[in-house]
Each structure stands twice: as C-alpha cells, then as structure tokens.
Amino acid sequence: MRHGRVTKATNEPAAATRILVVGGGYVGMYTALRLQRRLRRRLGGAARLAHAPQPGEALAPGVTITVLDPDPYMTYQPFLPEAAAGSISPRHVVVPLRRVLPHCQIVVGEARSIDHERRVAHVSTLATAEADAARAAQAGPGRRVEPQTVELPYTELVLAPGSVSRTLPVPGLAEHGIGFKTVEEAIGLRNHVLEQLDIASSTRDPAVRDAALTFVFVGGGYAGVEALAELEDMARHACRSYHNVAAEDLRFLLVEASDRILPEVGEEMGGYALRELRARNIDVRLGTRLDSCENRIAALSDGSRHPTRTLVWTAGVKPHPLLARTGLPLTSRGRLRCDAALRVEGVPHAWAAGDAAAVPDLSAVPDPSAAEAGTETAVETGPQRGLETGPERSPVSGPETGPERGPGKGRGTGRRTTAAQASSGGAELPLCAPNAQHAVRQARRLADNLVAVLDGREPTPYRHAHAGSVASLGLHKGVAHVYGRKLKGYPAWFMHRAYHLSRVPTFNRKARVLAEWVLSGLFEREIVSLGSLEHPRAEFELAAGGVPRPDKD
C-alpha cells in the first residue's frame, strides 16, 4: 500500500502521516499553523471526528502534527527591545503554542539528534531531565551520567530550530557578557540596567560609579542598535527619579567591526542613524573590535579601555548545533542545503526553512512566472531571535551570512543541478538571507508544498523579492527604506510599529500590545527593577536558615 493511499477493499485508511516540526519559533509555529489549517479534515482527535465519512466513503489517511521546542511559546522578537525598555509587558511578547496550535501535539523538549534513516528523533524532555538528575544524585559526585532520551517517530520532518548567538573566544565574554536573543535575556537586561543606576546612586566610589553607568553594546546590526536605542531612552528617563544621577552621567558605547551600522537600510539611512545616535551622546566606534572584557574592562582594538558592568553581545548568530547532529547535507556555514521547494537536497521526507535552511534566491533571476511561483512582498524589520533580520556582523570575522558556496557536510553533498541552477542557466544563485522577511514566507510555502506532496502534487519553488527595511531608534525615532522610499524620524518609527502590530500573531496579542502602547503614551515609563525574580527562592532559603544564592553580579 503506497503512502497516502486508501485500500478500497477494506475501506480503511493507510498508515497515519506523522509530521514532526522541530522548533516552535517563528518558522516552526507558522509552518504548523499553516499545516493545521490545510490538513484540518485529516487531523486526529475532535477535528477528524467532526468530518467522519458517510457509509461506503473512503477514509482519508490520518495526519498528526507534533511541534517540538524547549519552550511552550513563540517569542515575537521584534518586540524584545520594547519589552526591555518597559513599553510592552513580557507576557505579551510571547505567543502560547498550545493556544495557537490546538490541533497539534506540543512536546516541550529538545532534539538531541535525528536518525533520518529510521525516521526518529532522539528527544530529551522535562521528565527525562528529572530522571537524569535523580540518577546523577544516586551516582555520587564526580561520576558522569549519560542523559536519557526518548524516541519520537515521524514520517515527514520539518527542521526549523532557528539559530543561536554566535560568540567568539573573547577573554571574559562568557563570564560577563549579556545576550539579547530571548525574552528572558531582554527582561534580565532591563533589570540589570536599572540595578546599575541603583548602584551608582548608592556608592561614593567614583570607579564603581563610572563602571555602573557605562554600557557597552557589541554589534551594529538590528539587534544591537535597537536594543541600545531603547535602553538609552529608558535609562535617561529613569535618571529623573534619582537625586544624584543625571542623564549626562550615562555613557553608552556601540562597538562595530565594519565601517557602518544598519547596512540593511542602505548607506544613506544608515548614515542618518549614525548621526542620530551620536547626537544623543552615544559613542559609536566603527571599525573596532572587542579584544577582551576580563575583570569587567572592555578592551577595544583601538587601544581604549572602558571599565563597565554591562556588556551586551549582539554580534551575530550561527546555525543551531542540532543541524550538525542530523546527518543531513550542510553548507560550509552549517546550514541545511535545500532546493527552491524547501526540501533538503537529496533527502526525501525532510524539509527546512528559516535560519536553518540555505535556500536559493530565485528572485535574483527575473522570472515571468514569478506570480505563479508565489511571489510576495513585505517589509524587512527589526531583530528576530532565531529569525534574524539581515546579516548580523561579527566584531572580528565579518558577515556571517551571504552566499554560501562551500561543500556541504554529511549525506547527499555531491554536486547536482538544483532548481535554482536550472533557472539561472546552470550558475549557482546566492542564498536567501536568514531574516524574518524570508522566514515567514518560507514557512507558508513549506507547509503548502508539504500538503501538495501528501496529495501527490508537485511542490512550488519559493520566490520572494526584497521590499525594504525598517528599524527603530527609540521612542518616536526610526529609519526606513521601503519600496525605494526613504523615511526617517517619526514616520519611520510609526511605520515600524504599525507593521509589527499587523504581524504579531493572534488578535489577543494585537489588542494587548496596542493597549499598552496607548497607556505608555498617557503615563510615564515604569522604572521598577524586578531582578529578584531571577532568584525567587533566595528569600525563603535565607529564612529557612540556608545560604542565600550569590548575586550574579
């Protein structure tokens, strides 16, 4: 019996199709959401019973969709800078997967490896983690316990684990650096900045005070610029509530290895953003690298040294480490080698999109059938964790993204003519940038192509032409380059907010975010630091006679 076929003699469906979506971020959630809508009549549970066939009617093969992610929510990362600044509540930046995907199975866990030969994923869950901790306690100190995993079988595999922060072997970075890729990091950074104002206000030591009021950001892409701009706005406003800390005492420093910031918005708008930041007394160091941050001193390649208690690392991303444990073909930069239909090259039943996928950019070659191929337009926007917008630059080694022409790794890496090569006369095309604009549309195309294959139809190549970019520079300030038009200041900031409000999933989130924006326009910013949330049991442990947990600083 062939996959997806029904035996007329027994009137029973073929074996159920199990779709496993690895990753519940932007790409994973939108792929599962699209699949849920397109396959609703075939899904198990209540949706399937609601469409029970009439007597004598053949049953369609059942489908189950499983979404695997370490977190039970999707983070809408363009709102991270505003969450860090207190303009949006953290709970409104995340979207609960169980509510958005009611007809999918949500598994909170992490894929340790993929055995595509057997079609199983080796997964660690919260339950296996508890069991590992118990076995480690029984084994005693010094004895290593191998983590347990469970096997999660699948028929079709969708890989969308996103990306992780790309760090470099900078001395002191692991000990003192702060990332900006998750909602937890954004809220932790907000609490940390406000705590530094408290430290500066309560000390008489000028060295401690200067270090507390010096904030260093590494990386001049979307994440670094938007995070710095929002937090500088927040800190400057918070200084009004301190009797001995003035806004002029704050020192913000942006370190960028290249000769410009925000290259995605173009040279002219990037230059405007640079002038805007410097007009706010933000020290922008172009062509400069971070050499060390040991002992809380940021040593730069220009020879300067800056004592600081805050060093934020936003210098790019790299593919998720899981990809190296799948045995699937990879590019020289560690992304999955895919064809234009978003299938992993040379590997049946494996799909990928977003940061994890190296997809040929068919829009690089004019194609009169673009409309038939699903051409779409949209606006490139701010930082996307796991779905980074635009290439984030390394402070040492230059851009992470761009055309990848190195040999792949793993299985199926031999040369063959791809759809992209065929459409360009055999020349290899550049790859789609791992950004939000491509990721969301790739997710929809992937879901449609997967449904088409299940129905015995041919998939459609992905094609999307870049339309522009927008970026926020703090409250009422921004830059934009959309459809050839260049905006700056308030119009660009308003476009940034309007676009993201239209894109954040669910009406519930849209309404809550809009309400918070309205209230923030009527009342002053909140300047409360809730750093104790990071150690919620410290007070009870102290009361119970235990030793309180040391502060992370």
Side-chain angles (χ1 to χ4, degrees), residues 3 19-23 27-28 31 111 113-119 121 154-163 318-365 367 373-374 400-435 438-439 441-454 456-464:
H3 172 70
I19 302 175
L20 175 60
V21 180
V22 179
V27 177
T31 299
S113 63
I114 303 290
D115 187 349
H116 197 63
E117 295 276 353
R118 298 176 51 224
R119 307 278 184 87
Y154 62 84
T155 307
E156 299 285 341
L157 175 66
V158 178
L159 283 167
S163 57
K318 64 182 180 181
H320 197 284
L322 169 64
L323 302 183
R325 302 191 296 269
T326 62
L328 301 177
L330 304 179
T331 68
S332 60
R333 294 184 183 270
R335 297 164 66 193
L336 290 167
R337 190 177 292 277
C338 298
D339 61 21
L342 303 173
R343 296 170 296 195
V344 178
E345 282 193 3
V347 183
H349 310 293
W351 308 75
D355 286 11
V359 182
D361 186 1
L362 296 187
S363 64
V365 174
D367 185 357
E400 167 71 10
T401 59
E404 303 181 36
R405 293 183 170 84
K409 303 175 184 177
R411 300 181 307 171
T413 58
R415 281 288 183 189
R416 69 185 185 90
T417 302
T418 64
Q421 291 172 327
S423 64
S424 60
E428 188 171 353
L429 290 176
L431 303 177
C432 296
N435 56 38
H438 283 298
R441 285 152 186 81
Q442 286 176 2
R444 296 170 182 167
R445 175 54 56 199
L446 189 157
D448 290 344
N449 284 347
L450 181 51
V451 173
V453 170
L454 294 179
R457 296 180 284 109
E458 286 296 319
T460 302
Y462 169 77
R463 179 187 293 270
H464 166 66

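Source: prediction; values computed, not measured.
- For A160, the side-chain contact (heavy atoms from CB on, under 4.5 Å) partners are V27, not counting sequence neighbours.
- The side-chain contact (heavy atoms from CB on, under 4.5 Å) test with I19 is passed by exactly one of L157, L454, T31: L454.
- Qualifying side-chain hydrogen bond (donor to acceptor under 3.5 Å, both in side chains) partners for D448, counting only residues two or more places apart in sequence or in other chains: R34, R38.
- R119 pairs by the salt bridge (charged side-chain N to carboxylate O under 4.0 Å, His left out) definition with nothing, not counting sequence neighbours.
- For the atom pair L336 CG and E345 CD, the distance stands at 10.5 Å (nearest 0.5 Å).
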Chi angles and distances behind the side chain to side chain contact (heavy atoms under 4.5 Å, CB included) call for V359, L342: CA-CA 7 Å; V359 182; L342 303 173; 3.6 Å; yes

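- Scanning all heavy atoms of the two residues, the minimum distance from Y154 to A121 falls at CE2-N, 4.0 Å.
- Across every non-hydrogen atom of C338 and A352, the tightest pair is SG-CB, 3.8 Å.
- Aromatic ring pairs are classed by plane angle as parallel below 30°, tilted from 30° to 60° and perpendicular above 60°; the pair H464 and H438 is perpendicular.
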Side chain to side chain contact (heavy atoms under 4.5 Å, CB included) evaluation trace for R445 with T460: CA-CA 8 Å; R445 175 54 56 199; T460 302; 3.7 Å; yes

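- Scored by the salt bridge (charged side-chain N to carboxylate O under 4.0 Å, His left out) test, R325 finds no partners at all (sequence neighbours excluded).
- Side-chain N or O atoms of R343 include none that pairs as donor or acceptor with a backbone N or O of W351 at under 3.5 Å.
- The two residues L431 and R335 make their nearest non-hydrogen contact at CD1-NH1, 4.5 Å.
- For the atom pair I114 CD1 and L20 CG, the distance stands at 6.5 Å (nearest 0.5 Å).
- To the nearest 0.5 Å, atoms CG (D355) and NZ (K318) are separated by 13.5 Å.
- Across all their heavy atoms, G334 and L323 have their closest contact at O-CD1, 3.5 Å.
- For the pair V347 and P329, the tightest heavy-atom approach, listed with the atom from each and the gap, is CG2-CD, 3.7 Å.
- Scanning both residues, N449 and A341, for their nearest heavy atoms gives ND2-O, 3.1 Å.
- Within the 3.5 Å criterion, the main-chain N or O of L362 finds a donor-acceptor partner in the side chain of R463.
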